[in-house]
2 protein chains.
Amino acid sequence: MDQLAQAAALYYRNFAAVAAERDLTLMQGKMLSLLRRPMPMRALADLLACDASNVTGIVDRLGARGLVRREADPSDRRVKMVMLTEEGEETVRQIRSELMSNLTGLESLGEEDRHAFQRLLSQVLPAVST
Amino acid sequence: MDQLAQAAALYYRNFAAVAAERDLTLMQGKMLSLLRRPMPMRALADLLACDASNVTGIVDRLGARGLVRREADPSDRRVKMVMLTEEGEETVRQIRSELMSNLTGLESLGEEDRHAFQRLLSQVLPAVST
DNA sequence: TATTGTTATACTCTATAACTATA
DNA sequence: TATAGTTATAGAGTATAACAATA
């Protein structure tokens with residue numbers, strides 16, 4: 001229990017540090033990481049667990065830096081799809097690779113331990129859609 | 001790796017929800033939880049991984065609600081010790097107990113799985129002091 | 001000189017409420 | 001009527017820089 005708290009703290013401290021190196025806030029880094037494919041603003045709000053009105057500002061700031069862009073959805077003209085630009089894609093690649101190399105603990109595990117870890121997490125994570 | 005991200009997201013989502021029920025922000029809840037014993041402002045800044053100037057405001061707001069108080073340190077008159085009030089202690093007890101009951105996953109594990117989990121976490125947590 | 005805590009400042013995140021344009 | 005996104009607003013977190021008091 002305390003270990004879960006520490007693991008969570010470690011993960012976010014690491015994530016925030018990696019993002020900060022690129023002048024990104026935690027939320028900006030999270031949003032970029034979520035955009036594996038184009039997504040409506042609304043979906044981003046759900047995944048980031050924040051109000052839809054906040055997404056406007058975050059996308060604005062990332063857009064001003066050329067990391068994401070909005071595009072109209074032909075099938076529903078209310079919807080705006082958000083997607084990474086080329087530069088955004090590259091930034092996400094860098095973040096992911098640095099996250100990996102900072103948290104090498106899991107990668108250095110044997111097969112058996114890794115499976116035990118995943119089994120345990122699946123019990124603790126009944127309702128996570130991220 | 002992705003599982004660690006999900007576990008961290010789950011933990012903080014749960015923590016923030018429990019804190020919000022008591023009209024506390026995530027940082028306010030974190031600070032209360034850290035105050036197992038009186039602590040200088042400076043130590044809180046280190047544990048919360050934020051600038052010392054932020055601690056002033058957070059302690060101010062918690063103090064205005066009667067959950068913490070400052071006290072002079074006789075041995076170094078620059079230092080102010082922050083400690084929980086009686087109401088603060090009770091709030092922390094409630095938060096802890098609700099966190100536990102929400103994340104029952106770990107508690108329901110068998111001995112073997114629990115040990116595997118702790119062994120894994122200890123590999124991922126080389127530098128966590130919280 | 002260095003450290004502790006505060007203040008001032010500017011920016012970001014946050015929820016709420018009111019608005020528009022679509023559906 | 002309901003939904004997607006925006007805007008306005010107020011409160012909270014954030015780092016930086018400058019400051020007073022103390023070491």
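Chain A is the first sequence line, chain B the second, and so forth, proteins listed ahead of strands; every chain is numbered from 1.
- If you take CG of B:Asp46 and P of C:dG5, they are 10 Å apart, rounded to a whole angstrom.
- Residues meeting the salt bridge (Lys or Arg N to Asp or Glu O under 4.0 Å) test with B:Asp76, sequence neighbours left out: B:Arg78.
- Of the listed residues (A:Leu84, A:Leu62, A:Leu67), just one forms a side chain to side chain contact (heavy atoms under 4.5 Å, CB included) with A:Leu35, and that residue is A:Leu84.
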Nucleotide N/O to protein N/O under 3.5 Å, stretch nucleotides 18-23 of chain C:
unit_1	atom_1	unit_2	atom_2	d
C:dA23	OP1	A:Arg77	N	3.1

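- In this structure, the side chains of B:Val55 and B:Val82 stay at 4.5 Å or more apart for every pair of heavy atoms.
- Applying the 4.0 Å criterion to OP1 and OP2 of D:dT6, one finds that A:Arg70 has a side-chain N or O inside that range.
- By the side chain to side chain donor-acceptor pair (under 3.5 Å) test, B:Arg70 is found to be paired with B:Asp60, residues two or more places apart in sequence or in another chain being considered.
- The list of ring-ring contact (aromatic ring centres under 6.0 Å, His included) pairs with a residue in residues 12-35 of chain B, not counting sequence neighbours, reads A:Tyr12-B:Tyr12.
- Legend: residues meeting salt bridge (Lys or Arg N to Asp or Glu O under 4.0 Å) with A:Arg69, ordered by chain and number and at least two apart, are A:Glu71.
- Legend: residues meeting side chain to side chain donor-acceptor pair (under 3.5 Å) with B:Ser33, ordered by chain and number and at least two apart, are absent.
- Taking the side chain of A:Pro40 as heavy atoms from C-beta on, and the options D:dG5, C:dT14, D:dT14, the nearest nucleotide is D:dG5.
- Atom pair B:Leu48:CG and C:dG5:P shows a separation of 13 Å (rounding to whole Å applied).
- Going from atom CE of B:Met31 over to atom C1' of D:dT14 covers 13 Å, rounded to whole Å.
- With sequence neighbours excluded, the residues forming a salt bridge (Lys or Arg N to Asp or Glu O under 4.0 Å) with B:Asp46 are B:Arg42, listed by chain and number.
- Nucleotide D:dA21 holds its C1' atom 14 Å from the CG atom of B:Asp73, rounded to whole Å.
- For the side chain to side chain contact (heavy atoms under 4.5 Å, CB included) test, residues two or more places apart in sequence or in another chain that qualify with A:Arg96 are A:Arg36, A:Val92.
- Considering only residues two or more places apart in sequence or on other chains, A:Asn54 meets the side chain to side chain donor-acceptor pair (under 3.5 Å) condition with none of them.
- DNA chain D lies under 4.0 Å from at least one heavy atom of each of the following residues of residues 51-66 of chain B: B:Asp51, B:Ser53, B:Asn54, B:Ile58, B:Arg61.
- By the salt bridge (Lys or Arg N to Asp or Glu O under 4.0 Å) test, B:Glu90 pairs with B:Arg93, sequence neighbours left out.
- For B:Lys80, a side-chain nitrogen or oxygen approaches OP1 or OP2 of C:dT6 to under 4.0 Å.
- Using a 4.0 Å cutoff on non-hydrogen atoms, the parts of residues 16-27 of chain B near DNA chain D are B:Thr25, B:Met27, ordered by number.
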